[in-house]
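Computed from a predicted structure; not experimentally measured. Letters go in sequence order (proteins before strands), and every chain restarts at 1.
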Amino acid sequence: MNNAVHTPCQLLESLNDEQKAAALYSGGPQLIIAGAGSGKTRVLMVKAVLLCTRFSVDPQHILCITFTNKAADEMKKRLASFNVTVTAKTFHAAAMSILNAHGGYLGLKRPIGVYDEQDQLELVKSCMDELHYDKKSINPGSAAEWISRQKDELIEPDAEAVGTERIYHSIYRLYQDKLTASNALDFGDLIMKAVALLKQYPDLCRHYREKYTHLLVDEYQDTNTAQAVLLKLLAGEGKNLCVVGDPDQSIYGWRGANLNNILYFEQSFPDVKIFKLERNYRSTDIILNATNALIKTNRNRRDKTLWTDLKGIHNVISYRVGSDRVEARQVCDLIEQHMENGTPLSEMAVFYRVHSLSRMMEEVMLERAIPYTIVGGLPFYQRKEIKDILCYLRVIVNPDDLIAWKRVLGVPKRGIGEKSIIKINEFAAENVIPFSDALIQCGSVPGVTAKARQGIASVVELVNSFKDEFQSQSWSTALEALLDQLCYQDYVLQNDLPEKAETRLDNIEVFKDALSEYQKEHPDAALADYLENIALRSSIDDWDTASERVSLMSLHSAKGLEFNIVYLIGMEERMLPLIRDIENAEDIEEERRLCYVGMTRAREQLYLFSSNWRSGYGRDIFSKPSRFLMELDPQTLEIRDLAGDREYSQWNKSKGKQRFKRFVEDAVACDEQFADMIDEFAPGDRVYHYDLGSGVIMGGSGAGEKKKYIVLFDGESKPRVVFASYAGLSKMDD
DNA sequence: GAAATGCAACTTTTT
DNA sequence: GTTGCATTTC
Ligand SMILES: Nc1ncnc2c1ncn2[C@@H]1O[C@H](COP(=O)(O)OP(=O)(O)OP(=O)(O)O)[C@@H](O)[C@H]1O
């Protein structure tokens, strides 16, 4: 925020007329649709201040909904400087508070556990085992994904099932039962249960409408159906509702985000007044022109105007390099240059489509001693050693947590295996008792060995005793005692290579510190509050903006941020647009939006990189430059060819451009043709192979281009694996 | 029930 | 090239 802005009045004056109008409007539901960097978030923040100072709204009645906890904290912090204290939360956190307060109506006991993705997957797997589904033919991950998408659409497990989805539905049903038995919710449930609660209890709904009379929602383009319904319940007619978003920045379709929420907003709130902000304050005209051209390539969109007064000096520079290592070195060279010229490291960021690209960057930055932070990747709390500890804490807090118990029983090894757990589970089901009670009664469960029984008894006792320990001592002290009793250190040292074991033990130390830190900051909090808190945390929330480091993050994490200088690496066909499966590459427009989001984070300078070669898990990947490079306004673009790739370096010249265009188009068309060519075979089909002759299909694995078949060729005794994409494989007519 | 071995999938993005 | 998973072996 501007340093000169101290009073609400100055704050209002810092806005342009469009923004002012939007900030001051109070005539009913309001939707602000505007492009990148047009000040949407800023308007929302000013609006909150004005509501309190000009319209005498009690800040307690204002609820801001943001996309991440980080954005919520940011909003609170900015408002605090105007002495305004509002509630700012993500949809999930808001739903959690509602359920914590009133979930009892739905039979939820406190504390409510929150299952993350890993827990979800484990639960799906155990459901599939119980239903005797083969985990090879049905991918548990896909089933988990499917269940989440159902919840995004508020589809209950008892909805009618059709066709192939019948299997998924049966898993969903059992999954939900087990989740309920565990007194836990997954992410989708948080929203879905909050919706159910408010629908079922109109009085409660009214209570919340009175509590939060004014609602401000950011990043609305990435909300799902369930969240829109929750918003509708909270907002009612939406008399004091203000929603902002940019359909061109919708990048979470794969996670169930529904663009119709914003495109057809008037269907939920008929009296809506739509505001547009057309002036961009973030980027130079060069960056803006470049990216405007890119996003205009999307056909499925409504056009917007976006202009700026900021004259840029630097073109967008696109490097073509020979390898990922050269790419990383080039990025580092530039970073060092800019650093010398006075740009702080915290004002530079490297973005990529997939986290794996951060590896090479990291390696080279270490070499060069450039300080960096990586946002995202495998979250800290999902690392094995941390998850082990968390599961102990979870069973201490919530004895019904099935997935946590499973982990606790097996770590460290105590002679309790899969069999015993299944037996106890069955016993619990037959006698309609909680899993934790079945554990206590394991003596009367048939089929559990004496060794297992002993093991179970000792864990149960351990967990029980630590219930008190965590009450009577500080958490970190109690945790230390717990780890001692478990001989966890020995367990780690035994099960991992020394180096790995060391990082694991280091991580545990970090966790301990975090735990005591939290307890210090929240002296009245229960252990369950801490667990809930970390369950709802995201990687970007822990990102330290202040530190003097270059930030490395995925394009998705970059949403809503801004930096002076942005380096976007891996701009290659099939990498940015990421295409893993040629057959259903329909999300190209979302990929383009993602690219747009990344590029529009840059204030002054934007560097793009594409590499001819890259090493991907053991294999070599050769790629052509991304089609998105071609879609940028060529006038703003400067090509630097470090790879001797003439095809690319000359494309900006008129002839070269034609050639390059054909070059990429050919690549795309070729992929599509390729996809068409792949035949589908079923086990038992007779096939003919150009080299190996005729045979019969035994089975298959992989998908798309990587689809493989197991074929038993005539006259051979052992089947062979052949690639489906091998053009010489064809079906024989009987 | 747990260790040893072999093999497949893995790297899409995350509240 | 690795990791986690499944099968085999003890
Ligand atoms: N009227 C204004 N005068 C000066 N600077 C402004 C004004 N409005 C917004 N800005 C600045 O422009 C930048 C972008 O604003 P903001 O983050 O609110 O935009 P946004 O529309 O939410 O962006 P995006 O959708 O790309 O995340 C910020 O640095 C903000 O301070």
Within this structure, what is the [atom1]-to-[atom2] distance between [X] and [N], rounded to whole angstrom?
X: A:Glu590; N: B:dT13; atom1: CD; atom2: P; value: 14 Å
X: A:Ile251; N: B:dT14; atom1: CD1; atom2: P; value: 9 Å
X: A:Ile621; N: B:dC10; atom1: CD1; atom2: C1'; value: 12 Å
X: A:Gln118; N: C:dC5; atom1: CD; atom2: P; value: 10 Å
X: A:Leu578; N: B:dT11; atom1: CG; atom2: C1'; value: 9 Å
X: A:Met361; N: B:dT11; atom1: CE; atom2: P; value: 22 Å
X: A:Arg593; N: B:dT12; atom1: CZ; atom2: P; value: 19 Å
X: A:Leu409; N: B:dA2; atom1: CG; atom2: P; value: 11 Å

With a 4.0 Å limit, can you tell me whether A:Ser557 has a side-chain N or O closer than that to the phosphate oxygens OP1/OP2 of B:dT13?
no
Is any side-chain N or O of A:His556 closer than 4.0 Å to OP1 or OP2 of B:dT15?
no
Results of ring-ring contact (aromatic ring centres under 6.0 Å, His included) for A:Tyr220 - residues two or more places apart only:
A:Phe265
So that I can tick it off, tell me whether A:Lys624 and A:Glu572 are bridged by a salt bridge, with the cut-off set at under 4.0 angstrom between side-chain N and carboxylate O.
no
Carboxylate-amine/guanidinium proximity below 4.0 Å for A:Arg149 and A:Asp152:
yes
Give A:Phe91 one of three labels, base, sugar-phosphate or nothing, depending on what nucleic acid heavy atoms sit under 4.0 Å from its own.
nothing
Using a cut-off of 4.0 Å on non-hydrogen atoms, how would the nucleic acid contact of A:Lys151 be classed: base, sugar-phosphate, or nothing?
nothing
Residue [X], side-chain atoms from C-beta onward, closest of [options]:
X: A:Ser554; options: B:dT14, B:dT12, B:dT11; value: B:dT14
X: A:Glu117; options: B:dT14, B:dT12, B:dT15; value: B:dT14
X: A:Lys125; options: B:dT15, B:dT12, C:dC5; value: C:dC5

What integer number of Å spans the C1' atoms of B:dT11 and C:dA6?
22 Å
Check against side chain to side chain contact (heavy atoms under 4.5 Å, CB included), A:Ile386 and A:Asp388:
CA-CA 5 Å; A:Ile386 304 302; A:Asp388 285 343; over 6 Å; no
If a pair satisfies salt bridge (charged side-chain N to carboxylate O under 4.0 Å, His left out) and one of its residues is in residues 243-261 of chain A, list it, with sequence neighbours excluded.
A:Asp246-A:Lys304, A:Asp248-A:Arg301, A:Asp248-A:Lys304
